[in-house]
S.K.: 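Dropping the structure in here first, questions after.
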Amino acid sequence: SSLINELDCAEAHPAYMKLGHHFARAGNFDEAETCFTEGNQHVKAINMYIEAGIWDKADMLARKYLLEDELDIFSRRIANYLEGLGHLKRAEQILISNHAIDMVVSMYTKNRLFDSISLISVKSAAAFVSETNKVIAELLEKEGNYKAASKHF
């Protein structure tokens, strides 16, 4: 890596990319991250961590290097991916940290985990609790599940 530091930026970027890919394939993610970020390929480093299932590092790099609108898109994408894997709590954490409560409610509604929605609502905001419970109760009532609906009115 010291030889690369002596090259100018245009010459160094391809070398950083090759080294980054090498380190990632070898499972040396810290070195790969360094190479990708030195090569101005932050998204490659983020995606490397996503593919390796190292969500916290991917989230940390995303917060450090992505613009706000890019971070919002990233958070929603990674949360959808985690939801698909069944990692709902981790998806919830990412969405809440990016103030995407609506996505959390949608995810839990789709998975019919209404009690989890109520817990999120309580944590998020008191006004949101009544609105969320109303939506849940109406959905359950339409389905004819009056007993469950009554818990949310």
S.K.: Heavy-atom distance under 4.5 Å between the side chains of Gln41 and Tyr16, does that happen here?
M.R.: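 No - every pair of side-chain heavy atoms lies 4.5 Å or more apart.
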
S.K.: Taking the side chain as every heavy atom from C-beta outward, state whether Arg90 and Asp56 have any atom pair closer than 4.5 Å.
M.R.: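 When only atoms from C-beta onward are counted, Asp56 and Arg90 do touch, with a gap below 4.5 Å.
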
S.K.: Any non-hydrogen side-chain atom of His21 less than 4.5 Å from a side-chain atom of Lys44?
M.R.: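 Yes, their side chains come closer than 4.5 Å.
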
S.K.: Same hydrophobic cluster for Ile54 and Ile50, using side-chain heavy-atom links shorter than 4.5 Å among ILVMFWY?
M.R.: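 Yes; Ile50 is reachable from Ile54 via cluster members.
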
S.K.: Donor-acceptor pairs under 3.5 angstrom involving side-chain atoms of residues 59-68: please list them, not counting sequence neighbours.
M.R.:
unit_1: Asp59; atom_1: OD2; unit_2: Arg63; atom_2: NE; d: 3.3
unit_1: Arg63; atom_1: NH2; unit_2: Ser97; atom_2: OG; d: 2.4

S.K.: Does Glu143 come within less than 4.0 Å of Arg112, counting only side-chain N to carboxylate O?
M.R.: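 So Glu143 pairs with Arg112 through a salt bridge.
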
S.K.: Can you list everything that forms a salt bridge (Lys or Arg N to Asp or Glu O under 4.0 Å) with Glu51? Sequence neighbours excluded, please.
M.R.: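 Salt bridge (Lys or Arg N to Asp or Glu O under 4.0 Å) check on Glu51 returns nothing, list empty.
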
S.K.: Using side-chain contact (heavy atoms from CB on, under 4.5 Å), reason through Glu38 and Leu19 one step at a time and then give a plain yes or no.
M.R.: CA-CA 11 Å; Glu38 288 292 325; Leu19 279 173; over 6 Å; no

S.K.: List the steps, then state whether side-chain contact (heavy atoms from CB on, under 4.5 Å) holds for Tyr108 with Ile136.
M.R.: CA-CA 11 Å; Tyr108 282 134; Ile136 293 168; over 6 Å; no

S.K.: Quick one, Lys57 with Asp30, criterion side-chain contact (heavy atoms from CB on, under 4.5 Å). Give me CA distance, side-chain angles, the key distance, then yes/no.
M.R.: CA-CA 10 Å; Lys57 289 285 270 190; Asp30 289 332; 3.8 Å; yes

S.K.: Report the residues that fulfil side-chain contact (heavy atoms from CB on, under 4.5 Å) with Ala79, sequence neighbours left out, ordered by chain and then residue number.
M.R.: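 Counting only residues at least two positions away or on another chain, Ala79 forms a side-chain contact (heavy atoms from CB on, under 4.5 Å) with Ala91, Leu95.
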
S.K.: List in chain and number order the residues that pass side-chain contact (heavy atoms from CB on, under 4.5 Å) with Asn40, two or more places apart in sequence or in another chain; answer none if no residue qualifies.
M.R.: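 side-chain contact (heavy atoms from CB on, under 4.5 Å) list for Asn40, sorted by chain: His13, His42.
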
S.K.: Go through Asp72 and Arg77 one step at a time and tell me if the salt bridge (Lys or Arg N to Asp or Glu O under 4.0 Å) criterion holds.
M.R.: CA-CA 9 Å; Asp72 183 55; Arg77 191 182 105 218; over 6 Å; no

S.K.: Minimum heavy-atom separation for Met17 to Cys35, with atom names?
M.R.: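 Reported closest heavy-atom pair: CE-O, 3.9 Å.
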
S.K.: Nearest 0.5 Å please: distance from the CZ atom of Phe29 over to the OH atom of Tyr49.
M.R.: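 Going from CZ on Phe29 over to OH on Tyr49, the span is 8.0 Å.
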
S.K.: Test side-chain contact (heavy atoms from CB on, under 4.5 Å) on Phe23 and Glu33 and set out the steps.
M.R.: CA-CA 9 Å; Phe23 285 128; Glu33 175 189 334; over 6 Å; no

S.K.: Residues in side-chain contact (heavy atoms from CB on, under 4.5 Å) with Asn80, at least two apart?
M.R.: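 Residues passing side-chain contact (heavy atoms from CB on, under 4.5 Å) with Asn80: Glu83, Met103.
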
S.K.: Can you sort out the partners of Leu85 under side-chain contact (heavy atoms from CB on, under 4.5 Å), two or more places apart, ordered by chain and number?
M.R.: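 Leu85: side-chain contact (heavy atoms from CB on, under 4.5 Å) contacts with Trp55, Tyr81, His87.
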
